[in-house]
Asker: 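Below are the structure tokens for one structure; questions will follow.
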Protein chains: 2
Amino acid sequence: MSQKSMKGMQLAEAKSQFIANWGRFGSNWGINRTMAQIHALLLVSPDALSADEVMEELQISRGNANMNLRELIDWGLVQKVIVAGERKEFFTAEKDIWKVARQIVKERKKRELDLMIPVLKELSDVEGDKKDRAVKTFTDTIQNIRKFSEQADKTLDTMIKADEHWFWSSLMKLFGAKH
Amino acid sequence: MSQKSMKGMQLAEAKSQFIANWGRFGSNWGINRTMAQIHALLLVSPDALSADEVMEELQISRGNANMNLRELIDWGLVQKVIVAGERKEFFTAEKDIWKVARQIVKERKKRELDLMIPVLKELSDVEGDKKDRAVKTFTDTIQNIRKFSEQADKTLDTMIKADEHWFWSSLMKLFGAKH
DNA sequence: CTGAACTTTCAAAAATATTTGAAAGTTTGT
DNA sequence: ACAAACTTTCAAATATTTTTGAAAGTTCAG
């Protein structure tokens, strides 16, 4: 790789760095590396890309491209675009990161928190003597997690509906006021 | 007593359900299943457990238990406990979920956001004609992600330092007022 | 110092997840 | 209806992650 310079790098290099990094971090987020890379590629592409262009750019197979594009659509992060006069499908990603983050929060809440809350409710009323330390620790911990989850549930719902400017400026006012 | 009742399940079953679920969800969070299961086990154990007890309860090998306990300590979620008169080490987990969540946010921020921000900074000043749509889309998207990340960085720092009651009640006041 | 008790390491095995590519399926223009 | 253009499927191959367990390392009481 090139040495660090005062000037920025060329677009092609910057793009592949971005794709590599987005892919690396994506895998900590329950999203697989290729999916995150396709997402990154579409995020920085001015125009919608075809499956072939994605395959070519990322050097992946047709099946892989198809499957991950489908999953990105499923997550609401990518849309199909119909181009007049073209037979094949094109794909484009929402570029406003606030909307992307909101969408991810929305989907993860649906896939995780909304499934966990009923389980916690079920586990809340375990049988047994409340004087038994094992029972007490169990019920206290579950109750604590449950309260936390319900609080988080409400907060995330608010965020999902929020406008970016209102959200950040409210938080900043609030948190700034504290010190 | 009664086999089928409206009442909750027995402790042993509830415990294993909780461990299984915490493990299942943990894997969406950059934490592996066994690590999350050990964490769950310690969360509901009134006393600190030895490595042997963890191995026995979760039916895992010594190496696996050792490695995942070490990683949990690394994440700041589990501590070693010295028990007077005992030679072996015992392990215990913080049970206050607010503290657990704060610790997870702190670590993930350190491992992800704090690494991503400098990369975005580097990618911000790509060379090239700003009239070129490819260049413009790239720089705009990176800039957008960067702004978002810096905003999130500040907000998470506030949360990491916050007291639970203050945090939730502030958010509720704020968000409740909006409707 | 010695050996029992305990912890850590790590190469090989097992389990999981991802990717490939060719065949099957679908759509559309003529 | 036909066939070219395109998309989807999925079983097999690959890659990655996790787990095992025995050996090496450490600690400590006597």
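First the proteins, then the strands, lettered A, B, ... as listed; each starts at 1.
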Asker: What is the distance, rounded to the nearest whole Å, between atom CD1 of A:I60 and atom C1' of C:dG21?
Answerer: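 After rounding, the gap between these two atoms is 13 Å.
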Asker: Using heavy atoms to find the nearest nucleotide of DNA chain C for A:R87 and A:S61 separately, return the residue whose nucleotide is more 5′.
Answerer: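 Here A:S61 is the residue nearer the 5' end.
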Asker: Should the heavy atoms of other residues, nucleotides or ligands under 6.0 Å from CE of A:M9 be counted, would the total exceed 12?
Answerer: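 Count over threshold, so yes.
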Asker: Hey, what do you get for CD (B:E89) to CD1 (B:I82), rounding to the nearest 0.5 Å?
Answerer: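 So the CD of B:E89 and the CD1 of B:I82 are separated by 6.0 Å.
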Asker: Under 4.0 Å between a side-chain N or O of B:T34 and OP1 or OP2 of D:dT18?
Answerer: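 For B:T34, the contact criterion (side-chain N or O under 4.0 Å from OP1 or OP2 of D:dT18) is not met.
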Asker: What's A:N66 touching, base or sugar-phosphate or nothing? Going by heavy atoms closer than 4.0 Å.
Answerer: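 If one applies the 4.0 Å heavy-atom cut-off, A:N66 turns out to touch a base.
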Asker: To the nearest angstrom, how far is B:D52 atom CG from C:dA5 atom P?
Answerer: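 These atoms are roughly 12 Å apart.
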Asker: For B:E112, which of B:R108, B:K110, B:K109 qualifies under salt bridge (Lys or Arg N to Asp or Glu O under 4.0 Å)?
Answerer: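 Result: among B:R108, B:K110, B:K109, B:R108 is the only option passing the salt bridge (Lys or Arg N to Asp or Glu O under 4.0 Å) with B:E112.
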Asker: Find the distance B:E89:CD to D:dC28:P and express it as a whole number of Å.
Answerer: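 In whole Å, D:dC28 P lies 10 Å from B:E89 CD.
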Asker: To the nearest Å, give me how far apart CG (B:L69) and P (C:dT8) are.
Answerer: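 About 9 Å, once rounded to whole Å.
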Asker: Figure out the CD/C1' separation between A:E71 and D:dT8, and round it to whole Å.
Answerer: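 Rounded to the whole Å, the gap is 15 Å.
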Asker: So B:R62, base contact, sugar-phosphate only, or nothing? Heavy-atom distance under 4.0 Å.
Answerer: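 B:R62: base contact, heavy atoms under 4.0 Å.
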Asker: Verify the ring-centre separation between B:F25 and B:W29: is it less than 6.0 angstrom?
Answerer: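 No, the ring centres sit 6.0 Å or more apart.
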Asker: If each of A:M67 and B:A65 is mapped to the nucleotide of DNA chain D with the nearest heavy atom, which maps nearer the 5' terminus, i.e. the 5' end?
Answerer: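 It is A:M67, whose closest nucleotide lies nearer the 5' terminus.
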Asker: Roughly how far, to the nearest 0.5 Å, is the CZ atom of B:F167 from the CE atom of B:M172?
Answerer: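 Reported value, rounded in 0.5 Å steps: 9.0 Å.
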Asker: Find the distance B:D74:CG to C:dT8:C1' and express it as a whole number of Å.
Answerer: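 The distance from CG of B:D74 to C1' of C:dT8 comes to 15 Å, rounded to the nearest Å.
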Asker: Ignoring hydrogens and angles, are the base of C:dT8 and the side chain of B:R70 linked by a donor-acceptor pair under 3.5 Å?
Answerer: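 A donor-acceptor contact between them is absent.
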Asker: Nearest whole angstrom, please: distance from the P of D:dT7 to the NZ of A:K88.
Answerer: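 A:K88 atom NZ is separated from D:dT7 atom P by 7 Å.
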Asker: From CD of A:E86 over to P of C:dT28, roughly how many Å is that when rounded to an integer?
Answerer: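 Atom-to-atom, A:E86 to C:dT28, this comes out as 14 Å.
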Asker: Check every strand shown and say whether A:N64 touches a base, only sugar-phosphate, or nothing at a heavy-atom separation below 4.0 Å.
Answerer: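 Base, at least one base atom sits under 4.0 Å.
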